[in-house]
Every structure is written in C-alpha cells, then in structure tokens.
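Working notes for the structure below.
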Amino acid sequence: MARKSRTAVLKRQREVRKAEKAAEKREKRVIRSEAEHETERVATAEDLEGYGFAGDEADKSETPPPAALFRVSAALFWVSAALFRVSGGTPRGRG
C-alpha cells in the first residue's frame, strides 16, 4: 500500500472541517427558521426605554397622532409652495 503524503492528509482534513462547518450552518438555519415561526419578537417596556422611547402613558396623550402631524406638515408644504410662486420663483431675500 502506498504511503500518503502529508499535504494530501492536510487537504483531506481541511475538506472534512469545511463540510462539517457547512452542515452546522445548515442545521442552525433550519432551527432559526423554525423558531421564528413559533415565536414573535416583541420589545418589552425596558427595551423601549433603553432605546430612548418613553414608556409612560402620560407622554402618549401629549403627542398628537401621526395623522395629525402629517396633515400639519402637508399644510406647511402647500403654504411654502404658494409663497414661492407668489415671490416669482426666487428664494426669499434674493429678488
């Protein structure tokens, strides 16, 4: 029987390690996909406070709903557009 060279043995070991690593990744991906379907990620009040979002109910009542903010920003846009047209299309202070 012929003696195997050292480089051939090392190459075979690298291939085995690479195959094992790929199999591990496949298994982890399957486990993750199954776990994502079972549980839903929801942030707790502590998580939200950690990100800088206030969790108090009093703060929620003081801020207007997003729809109201959108209406105000849209109104400001149309007013600024009208003023721009009235000014002859030149920026303020340059005409």
Side-chain angles (χ1 to χ4, degrees):
M1 188 179 273
R3 183 174 171 203
K4 294 184 180 181
S5 68
R6 180 160 175 82
T7 56
V9 171
L10 292 175
K11 181 179 178 184
R12 174 63 61 196
Q13 288 175 348
R14 282 194 305 271
E15 291 172 351
V16 168
R17 281 194 306 260
K18 189 175 179 181
E20 288 173 350
K21 188 175 180 180
E24 249 182 71
K25 285 185 175 183
R26 281 192 300 271
E27 290 172 8
K28 285 182 182 179
R29 187 173 51 228
V30 168
I31 291 170
R32 265 196 318 256
S33 66
E34 290 173 356
E36 286 177 3
H37 296 296
E38 294 173 2
T39 61
E40 184 176 321
R41 292 185 178 182
V42 178
T44 62
E46 291 176 0
D47 294 336
L48 293 176
E49 288 175 7
Y51 287 117
F53 294 105
D56 299 334
E57 294 296 324
D59 292 340
K60 291 181 182 177
S61 63
E62 293 175 7
T63 57
L69 292 174
F70 176 74
R71 285 193 299 271
V72 170
S73 64
L76 289 174
F77 170 77
W78 289 113
V79 168
S80 64
L83 289 174
F84 185 73
R85 281 195 301 267
V86 169
S87 68
T90 58
R92 188 173 168 185
R94 294 188 182 171

Applying side chain to side chain contact (heavy atoms under 4.5 Å, CB included) to Ser5 and not counting sequence neighbours gives Thr7, Ala8
Please identify each residue that fulfils side chain to side chain contact (heavy atoms under 4.5 Å, CB included) with Leu10, with sequence neighbours left out.
-> Arg6, Gln13, Arg14
Mind checking salt bridge (charged side-chain N to carboxylate O under 4.0 Å, His left out) for Glu15 and listing every partner two or more places apart, or none if nothing turns up?
-> Arg12
Could you give the distance from NZ (Lys25) to NZ (Lys28), rounded to the nearest 0.5 Å?
-> 9.0 Å
